[in-house]
Visitor: 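Below you'll find the structure I mean.
Counting convention: from 1, in listed order, for ligands and their atoms alike.
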Amino acid sequence: MGADNSATDDGIVPAVDDGELIVVSNRQPYTHSYDHGDGERSITVNRPAGGLTAGLDPVMQETDGTWIAWGDGEADADVTGDDGTVRMPPESEAYTLKRLWLTDEEVEGYYYGYSNRVLWPLCHGGTMKTDYVERYWQRYQQVNETFADAVVETAGADSLIWFQDYHFTLAPRWVRDALPDSAFLTHFWHITWPGWDTFRACPQHEQLLEGLLGNDLLGFHVERYCRNFLDCVDEALDDAFIDPEGGRVSYEGHTTVVKAFPMGIDADSIREHAEAADDDFWREFQSSHGIDPSTNVIVGVDRLDYTKGIVERLDALERLLETRPEYRGEVCYVQKANESRSLIPDYQDLQTEVQESIDRINDRFGTDDWQPVIYINEFIPQRELCGLYRYADVMLVSAVRDGMNLVSKEYVAAQVDDDGVLVLSDQAGAHEELGDRALTINPYDTDAFADTIERALTMEMDERAERMVALREQVESHDLYAWMESVFDTIDELRAKDTDDD
Ligand code: F6P
């Protein structure tokens, strides 16, 4: 079991008074869209589907906080007051969602531009994919200022402000300068932090570091990213004093604690969904996708991003089928993919490349009764996804670089029969926790990757169960709620210490 079961039942909330918790994220927990059913137009609310947003939602409800995010839903403005706020969720109106409206130019520069064509590739080590367009940087600053202003307007002297991710590197510094010391600023960085040799390529590296050092607590998934960050600060900012052992940076009279918090998933919810997917579900799934019940199923589930190593994975599958003909007709690879950031050329290229690889494999090896790769790029409900995880014999996670990779943890949590095998890239943050019991691959080493897929397919039941029981124990005991609790405990300790020091 995790820390406890849910934020509301077990009170996993930080020590704040009502109204003091402010979460800042690019994506909002609820969006509103138009529904054109029955020829009438109505508005529907789309709720958090899972992950951190779903985990934080009850915390916000419990503390009557404010969640500040980009209002990107088509019908958002219709239900939002002139001050940009709407009470959520609709049935209990327990907290405030403050929507910030961004112009098309801001979205282009801040989201598609600086966030996803500079910071995303830079942090994942892909300096060749970065695109330093001045307009992107200008709009990124502008939007960070808009978010910082909204936080300052909302916050009180004792607020706890929690920034999420790489969209907001600059806002913490501005908020810190505007609020009294008693307000606490924390930030969780959901992606990798690169080494100095990579980070120094960014023309704005100093401003980015200075912005983040406005936080009192800065969290990363794993120790290595913390070390990389401290190293970057050490190299870039002459006036910074760094305590690497204590994970502290003092800069311009302010101290930032830097700490690893490996993020978990809502393991109980995944397990429950997986348990609900019975043999009938699986028979129906196989039949609707043309999968012969006698074939072994391998699964991959990814947002369509070049960091996920999808093409590298398809290469390894192709190598397996090419060099070991006995697997032809015996295995089926199901790729579930979610389209993402499609206005960016690198993402369009990836979509094309994935489709071409799949078509090539299917043309090369497919027969009248067997399709080697099944591609699912439409939405599937959570229950169905968890059922697919449950019944897949092997999961392939082959990220070429990934901050954590929560999908690998979801697969493990769904293994209620303890009979699946996780094949995991050593380039994913999750490898630090799961690497001992998963089968490790280097996504670029196609031959060894193909060998590992074979090893996974042929692994005896005893070994599968032994590995999976240990993996499940790890994922369940370090779930999303344990993660939130550990972040909140650290915040409470740091705040208590600050009060003692005063
Ligand atoms: O992992 C980084 C992240 O930004 C997540 O926070 C988010 O869920 C995911 O990538 C999807 O990205 P986007 O919000 O750009 O669609």
Visitor: For ligand 1, would you mind listing the residues that have at least one heavy atom less than 4.0 Å away, ordered by chain and number?
Guide: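 R27, Y111, W120, D165, Y166, H167, I191, R303, R341.
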
Visitor: Identify, with sequence neighbours excluded, every residue that meets side chain to side chain contact (heavy atoms under 4.5 Å, CB included) alongside A413.
Guide: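 Scan of A413 (side chain to side chain contact (heavy atoms under 4.5 Å, CB included), adjacent residues dropped) gives I265, A267, I270, V475.
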
Visitor: Could you work out, with ring pair (Phe, Tyr, Trp, His ring centres under 6.0 Å) as the rule, every residue matching H187, not counting sequence neighbours?
Guide: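 Listed in chain order: F163.
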
Visitor: In terms of side-chain geometry, is the basic nitrogen of D479 or K409 positioned less than 4.0 Å from the acidic oxygen of its partner?
Guide: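 Salt bridge between D479 and K409, a charged N being under 4.0 Å from a carboxylate O: no.
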
Visitor: Can you confirm if the NZ or CZ of R341 lies within 45° of the ring axis of W120 and under 6.0 Å from the centre of its six-membered ring?
Guide: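 R341 over W120 ring: yes.
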
Visitor: Taking only residues two or more places apart in sequence or in another chain, which ones pass ring pair (Phe, Tyr, Trp, His ring centres under 6.0 Å) with Y411?
Guide: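 Counting only residues at least two positions away or on another chain, Y411 forms no ring pair (Phe, Tyr, Trp, His ring centres under 6.0 Å).
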
Visitor: Answer yes when D302 and K308 have at least one side-chain N-carboxylate O distance shorter than 4.0 Å, and no when they do not.
Guide: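 Result for this pair is no, no salt bridge flagged.
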
